Amino acid sequence: MSQLTFNKGKTCYARVRAGMAAGVCVALGFTAGAAVAQTDALGASAEVYGSVRMQAEAVRPHDRGAMDDYVGLRDAYSRLGVKAGYRFSQNFAVFGQVEVPFDTANLRFRDPYDQGGAGRDKGARLRLAQVGLDTRLGKLTYGQQWMPYYNAIAAPLDQFNSYYSGFATYTSSRVADTVSYYSPEILGLSFAGSYSAPSGNRRSAARIDDRRVQATASYAPFAGTRISAGVDDRGQAGFGRNRVYGVAASHTEGPWYFAAKYEWFDSGNQTPGSFSHDGNQAVNVMAAYTFGANTVRAMVANVQDYGDTIVHLGFDHQYNDQLKLFAEFYYERNTAAITAKRGGLAESVSGITGGRVFLVGARYDF
């Protein structure tokens with residue numbers, strides 16, 4: 001049995017060769033929101049863990065009058081955490097997890113994307129802070145956690161190693177003050193749902209001062225394949241309804257992994273060019289191939305009013321159990337993920353109208 005931790009902190013236990021672990025775990029739907037500090041053994045368990053991730057990048061915006069080219073360092077979601085649990089029986093356990101980000105490029109304990117500003121006084125100081133129950137009837141979790149809609153719809157394509165992974169979606173990956181429920185899987189069918197208080201949604205990257213509600217359904221017709229549908233009701237942002245609907249599918253076949261998703265906005269926002277404009281759509285397709293300790297990945301997406309055409313290519317080499325080396329190319333037609341040097345959400349410069357990035361990096365897990 002191997003424990004495998006992925007690029008956004010998701011953990012999976014699988015009897016598979018390491019090269020194909022990511023594809024199999026995503027296809028079977030194992031995610032951090034559904035599996036935290038679990039162990040088959042009765043009694044207490046605890047683990048301290050960390051991951052240092054940094055990339056060197058060369059960024060070239062489309063409009064160099066708005067922002068110059070630059071070469072620099074950027075953190076790729078480094079973190080330090082502790083998780084613990086107590087299993088009373090095979091059918092009942094309690095668990096908890098706290099995970100803090102460390103921005104290695106700016107030497108700050110904060111998220112490299114949500115560094116503060118843009119409606120928030122301080123940067124995000126926590127990635128995860130959750131407690132929960134794991135029972136035969138499902139898992140109930142409270143706190144800052146990975147969201148059900150992200151896990152079901154966006155995570156199957158969030159498989160790259162760099163800072164630029166995971167932007168090609170309309171949802172938020174983690175939200176504080178959230179209660180979630182994940183059902184057990186019965187005949188391949190499972191459900192999940194969550195409620196986030198306004199205080200948590202306001203501190204998320206969405207910056208919406210209203211409650212947030214999500215619901216998902218997933219079906220695994222056979223091993224290695226998963227199909228999901230979900231809705232993310234993002235909360236009142238001043239223009240009435242504000243919902244994202246999505247469907248996703250993933251499949252693992254030998255050394256190959258394939259995934260695709262489709263999302264669309266149903267909102268009262270009629271402002272052309274805005275992120276949540278009614279009818280905006282996102283379409284993503286991705287393929288990955290693993291050979292030995294190496295994996296190549298390619299994703300093409302069109303996310304209306306948030307990057308538009310996006311191309312993401314990657315190669316990584318698992319040097320040993322702790323160290324991974326990676327190289328990637330990222331392109332967006334309009335501004336989404338590319339920011340000023342070492343910047344984040346508040347340092348996004350819409351006038352650059354997108355650009356391209358070449359990067360190399362390393363990840364060390366401990």
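What you see is a predicted model, and the numbers here were worked out from it, not measured in a lab.
Because its NZ or CZ atom is not both nearer than 6.0 Å to the ring centre of Tyr77 and within 45° of the ring axis, Arg53 does not count as a cation-pi partner of that residue. Under the 6.0 Å distance and 45° angle rule, Lys83 counts as a cation-pi partner of Tyr49.
Side chain of Arg241 to backbone of Ser267: a donor-acceptor contact under 3.5 angstrom is found. Between the side chain of Glu263 and the backbone N or O of Val244 there is no donor-acceptor pair closer than 3.5 Å. Side chain of Asp308 to backbone of Asp305: a donor-acceptor contact under 3.5 angstrom is found. In this structure a side-chain-to-backbone donor-acceptor pair under 3.5 Å is missing from Tyr289 to Asn294. Judged purely by atom type and a 3.5 angstrom limit, Lys341 uses its side chain to pair as donor or acceptor with the backbone of Val71. Of the possible polar contacts, one joining the Thr335 side chain to the Gly354 backbone as a donor-acceptor pair under 3.5 Å is found. With Thr135 contributing its side chain and Phe92 its backbone, the two residues share no donor-acceptor pair below 3.5 Å. A donor-acceptor pair under 3.5 Å is formed between the side chain of Gln236 and the backbone N or O of Gly240. Thr178 places a side-chain N or O within donor-acceptor distance of the main-chain N or O of Val175, the cut-off being under 3.5 Å. Distance alone, capped at 3.5 Å, places no donor-acceptor pair between the Asn284 side chain and the Val300 backbone.
The number of heavy-atom neighbours closer than 6.0 Å to CG of Asp321, taken from other residues, nucleotides and ligands shown, is 12 or below. Residue Tyr319 qualifies as open at atom OH: its count of foreign heavy atoms under 6.0 Å is 12 or below. By the 6.0 Å contact criterion, CG on Leu107 is enclosed, its count of non-hydrogen atoms from other residues, nucleotides or ligands being greater than 12.
Considering only heavy atoms from C-beta on, Val52 comes within 4.5 Å of Thr104 through its side chain. Put simply, the side chain of Thr169 does not reach to within 4.5 Å of the side chain of Val303, judged on heavy atoms. Here the side chains of Val98 and Leu126 are in contact, with some heavy-atom distance below 4.5 Å. With a 4.5 Å cut-off on side-chain heavy atoms, Phe160 and Leu313 do not count as touching. Under the 4.5 Å side-chain criterion, counting only non-hydrogen atoms from C-beta, Asn161 is in contact with Glu328. For the pair Ser51/Tyr364, no side-chain contact is recorded, criterion being any heavy-atom separation below 4.5 Å from C-beta on. Side-chain atoms of Val311 and Met299, non-hydrogen and from C-beta on, never get closer than 4.5 Å to each other. When side chains are defined from C-beta on, Leu140 counts as touching Val179, because their heavy atoms get closer than 4.5 Å.
Between Phe102 and Phe109, the two ring planes are tilted [angle within 30° to 60°]. Classified by interplanar angle (parallel below 30°, tilted 30° to 60°, perpendicular above 60°), the ring pair Phe258/Trp256 is parallel. Ring geometry, Phe329 versus Tyr331: the interplanar angle falls under 30°, so the pair is classed parallel (tilted spans 30 to 60°). Ring geometry for Tyr170 against Phe275 counts as perpendicular: the plane angle is over 60°, on a 0 to 90° scale with 30° as the lower cut. Phe291 and Phe315 have tilted rings, their planes meeting at an angle from 30° to 60° on a 0 to 90° scale.
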Please report the C-alpha distance between Asp158 and Ser165 in whole Å, then the side-chain angles of each, then the deciding distance to 0.1 Å, and finally whether the side chain to side chain donor-acceptor pair (under 3.5 Å) criterion is met.
CA-CA 6 Å; Asp158 184 3; Ser165 185; 2.4 Å; yes
Step-by-step salt bridge (charged side-chain N to carboxylate O under 4.0 Å, His left out) determination, Asp114 to Arg207
CA-CA 11 Å; Asp114 195 349; Arg207 304 289 201 267; 2.8 Å; yes
Please test Arg202 against Asp210 for salt bridge (charged side-chain N to carboxylate O under 4.0 Å, His left out), starting from the C-alpha separation and ending with a verdict.
CA-CA 7 Å; Arg202 182 172 60 247; Asp210 194 19; over 6 Å; no
Ring pair (Phe, Tyr, Trp, His ring centres under 6.0 Å) between Tyr245 and Tyr262, intermediate numbers included
CA-CA 8 Å; Tyr245 295 90; Tyr262 172 63; over 10 Å; no
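Atom CG in Asn201 sits 6.0 Å away from atom OG in Ser196 (nearest 0.5 Å). Note that the NE2 atom of His317 and the CG atom of Leu325 stand 6.5 Å from one another [nearest 0.5 Å]. Rounded to the nearest 0.5 angstrom, Phe358 CZ and Glu57 CD are separated by 12.5 Å. With values rounded to the nearest 0.5 angstrom, Arg127 atom CZ is found 5.0 Å from Trp146 atom CH2. In this structure, Gln97 CD and Leu128 CG are separated by 5.0 Å, a value rounded to the nearest 0.5 Å. For the atom pair CD of Glu347 and CG of Leu345, the computed distance is 8.0 Å after rounding to the nearest 0.5 Å.
Tyr150 and Ile208 sit in two unconnected hydrophobic clusters of ILVMFWY residues. Membership requires side-chain heavy atoms under 4.5 Å apart, directly or through other members. Note: the hydrophobic cluster containing Phe88 does not contain Leu137 (ILVMFWY, side chain heavy atoms under 4.5 Å, direct or indirect links).
Under 4.0 Å is where a charged nitrogen must lie from a carboxylate oxygen, and between Arg203 and Asp177 at least one such pair does. No salt bridge links Lys324 with Asp365; every basic N to acidic carboxylate O contact stays at or beyond 4.0 Å. A salt bridge links Asp134 with Arg87: the closest approach of a Lys/Arg side-chain nitrogen to an acidic carboxylate oxygen falls below 4.0 angstrom. We find that Arg211 and Asp233 are joined by a salt bridge, their nearest charged nitrogen and carboxylate oxygen being less than 4.0 Å apart. With respect to the salt-bridge test (charged N to carboxylate O, under 4.0 angstrom), the residues Glu99 and Arg174 do not qualify.
For the residue pair Gln304 and His277, no side-chain donor N or O sits within less than 3.5 Å of a side-chain acceptor on the partner. Side-chain contact, Gln130 with Tyr142: no donor N or O sits under 3.5 Å from an acceptor N or O. There is a side-chain donor-acceptor pair under 3.5 Å between Asn269 and Thr271. Neither side chain, Thr309 nor Glu332, offers a donor N or O lying under 3.5 Å from an acceptor on the other. The closest side-chain donor-acceptor pair between Ser194 and Ser180, if any, does not fall under 3.5 angstrom. Side-chain contact annotation: Ser172 with Arg212, donor-acceptor N/O pair under 3.5 Å present. For the residue pair Gln214 and Asp232, a side-chain donor N or O sits within less than 3.5 Å of a side-chain acceptor on the partner. Between the side chains of Thr339 and Arg74, at least one donor-acceptor pair of N or O atoms lies under 3.5 Å. Side-chain contact annotation: Ser190 with Ser183, donor-acceptor N/O pair under 3.5 Å absent. Side-chain N/O atoms of Gln115 and Arg110 include a donor and acceptor closer than 3.5 Å. Asn334 and Thr353 share no side-chain donor-acceptor pair at under 3.5 Å.
For Phe191 and Tyr181, the ring centers sit 6.0 Å or farther from each other.
When all heavy atoms of Ala105 and Met54 are compared, the pair lying nearest together is N-CE, 3.7 Å.
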